[in-house]
Amino acid sequence: LTLSKRLFEACTANRERAAAKLQIADIEEKRGEAASLARALSEAVAYEGADGMAITRYIELIVKKSPQATWVDLLGALGLFIEQSEASPDAVSAAHRKVAEIFVGQLRRPDEAINSLRRALEKRANDVSSRLALSRLLRTEGEPSQAVEELRRLLTDDVTYPDAWREMGKSLDAMGEEAEASAAVQ
């Protein structure tokens, strides 16, 4: 454990720090130290974001009902990742989408999810995945006209995006615009 902690201190890149924290988590898991395991995984998420082994393992702890691992703590770790300067725009967008997914699916706070996706789009307006996720969420939360507005922005950049047209059809249908909805999906 001491050697792994020294390894972490020697790391300069966030990916290296995340790997070192994962090694510490492995040791803490073998020692049966649930709180230290959760802390190491949370810290690894803060360095690694939504696209790594740390978040997968942390979610497994939550699913196993470990009291040391919570959705709120995971959101905090992802928030730290989003704020760091080393993260790529793609990685930050993925983290925002994961935050939104947690807010909707686990914490039942869709307004917070919408805010997270909008923050992602403020940083990267041409992020297709985040804009599509936002439009779907707006539609399911009873705001189909806002969803259509987001989809129009998306389709301005790429009119051939089939998922956007399907979502446009669903949103227009939710607005009662059956003819336009039918035309959108054809």
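On a predicted model such as this, the values are computed, not experimentally measured, just so you know.
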Student: Using a strict cut-off of less than 4.0 Å between a Lys/Arg side-chain nitrogen and an Asp/Glu carboxylate oxygen, indicate whether Glu60 and Lys64 qualify as a salt bridge.
Tutor: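 No, Glu60 and Lys64 are not salt-bridged.
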Student: Closer than 3.5 angstrom, by distance alone: can the side chain of Glu101 be matched with the main-chain N or O of Arg97 as a donor-acceptor pair?
Tutor: no
Student: For a 4.5 angstrom cut-off between non-hydrogen side-chain atoms, does Arg57 reach Leu22?
Tutor: yes
Student: Donor-acceptor check, side chain of Ser135 to backbone of Leu132, threshold 3.5 angstrom: yes or no?
Tutor: yes
Student: For Ala120 versus Ser130, what's the shortest heavy-atom pair and its separation?
Tutor: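 Heavy-atom minimum between the residues: CB-OG, 4.0 Å.
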Student: Mind running salt bridge (charged side-chain N to carboxylate O under 4.0 Å, His left out) on Arg139 and Glu143 for me, showing each step along the way?
Tutor: CA-CA 5 Å; Arg139 178 182 50 80; Glu143 298 293 342; over 6 Å; no
Student: State the CG-CD distance between Leu121 and Glu150, to the nearest 0.5 angstrom.
Tutor: 6.5 Å
Student: For the hydrophobic clusters of this structure (ILVMFWY residues joined by side-chain heavy atoms under 4.5 Å, transitively), does one cluster hold both Leu41 and Leu80?
Tutor: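 Result: no, two separate clusters.
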Student: With salt bridge (charged side-chain N to carboxylate O under 4.0 Å, His left out) as the test, would you mind laying out the steps for Arg31 and Glu28 before giving the verdict?
Tutor: CA-CA 5 Å; Arg31 294 175 60 205; Glu28 296 296 7; 3.0 Å; yes
Student: Are Asp158 and Val128 close enough that some pair of their side-chain heavy atoms sits under 4.5 Å apart?
Tutor: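 Of all side-chain heavy-atom pairs linking Val128 with Asp158, none is under 4.5 Å.
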Student: Only one of Thr56, Leu61, Val63 passes side-chain contact (heavy atoms from CB on, under 4.5 Å) with Ile59; say which it is.
Tutor: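 It is Val63; the other options fail the test.
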Student: State the CZ-CD1 distance between Arg108 and Ile102, to the nearest 0.5 angstrom.
Tutor: 12.5 Å
Student: Do you know which two heavy atoms are closest between Ala95 and Phe81, and how far apart they sit?
Tutor: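 Closest approach of Ala95 to Phe81, heavy atoms only: CB-CD2, 3.8 Å.
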Student: Could you pull out all donor-acceptor pairs under 3.5 Å where a side-chain atom in residues 67-77 meets a protein atom, sequence neighbours excluded?
Tutor:
unit_1: Gln68; atom_1: OE1; unit_2: Ser66; atom_2: OG; d: 2.9
unit_1: Thr70; atom_1: OG1; unit_2: Asp73; atom_2: N; d: 3.0
unit_1: Thr70; atom_1: OG1; unit_2: Asp73; atom_2: OD2; d: 3.2

Student: Please answer: with hydrophobic residues joined when any side-chain heavy atoms are less than 4.5 Å apart, are Val99 and Ile55 in the same cluster?
Tutor: yes
Student: For Asp90, give me all partners under salt bridge (Lys or Arg N to Asp or Glu O under 4.0 Å), at least two apart in sequence or on another chain.
Tutor: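 Residues passing salt bridge (Lys or Arg N to Asp or Glu O under 4.0 Å) with Asp90: Arg124.
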Student: Taking the side chain from Ser116 and the backbone from Glu112, do they hold a donor-acceptor pair closer than 3.5 Å?
Tutor: no
Student: Would you tabulate the side-chain donor-acceptor contacts of residues 42-49 under 3.5 Å, counting partners in other chains and residues two or more places apart, or write 'none'?
Tutor:
unit_1: Glu43; atom_1: OE1; unit_2: Lys21; atom_2: NZ; d: 2.5
unit_1: Glu48; atom_1: OE1; unit_2: Met53; atom_2: N; d: 3.3
unit_1: Glu48; atom_1: OE1; unit_2: Ala54; atom_2: N; d: 2.9

Student: Going from CG on Leu151 to CZ on Arg136, what distance comes out if it is rounded to the nearest 0.5 angstrom?
Tutor: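 Those atoms lie 9.0 Å apart.
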Student: Under the 3.5 angstrom rule, does the side chain of Trp165 hit a backbone N or O of Leu155 as a donor-acceptor pair?
Tutor: no
Student: Which heavy atom of Ala94 sits nearest to which heavy atom of Asp51, and what is that distance?
Tutor: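 Between these two residues, the closest heavy atoms are CB-OD2, 3.5 Å.
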Student: How many angstroms lie between CD1 in Ile114 and CG in Leu137, if you round to the nearest 0.5 Å?
Tutor: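 The distance works out to 4.5 Å.
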Student: With a 4.5 Å heavy-atom cut-off, do Met175 and Ser145 have their side chains touching?
Tutor: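 Yes, side chains in contact.
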Student: Within this structure, what is the CG-NE2 distance for the pair Leu117 and His96, rounded to the nearest 0.5 Å?
Tutor: 8.5 Å
Student: Should the pair Asp163-Arg166 be classified as a salt bridge under the 4.0 Å nitrogen-to-oxygen rule?
Tutor: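 Answer for the salt bridge query: yes.
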Student: Are Arg39 and Ser36 close enough that a side-chain donor and a side-chain acceptor fall under 3.5 Å?
Tutor: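 Indeed, the side chains of Arg39 and Ser36 share at least one donor-acceptor pair under 3.5 Å.
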Student: Which atoms form the tightest heavy-atom contact between Val104 and Ala113, and what is the distance?
Tutor: CG2-CB, 3.4 Å
Student: Return the CG to CG distance between Asn126 and Leu154, rounded to the nearest 0.5 Å.
Tutor: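 Reported to 0.5 Å precision, the distance equals 10.0 Å.
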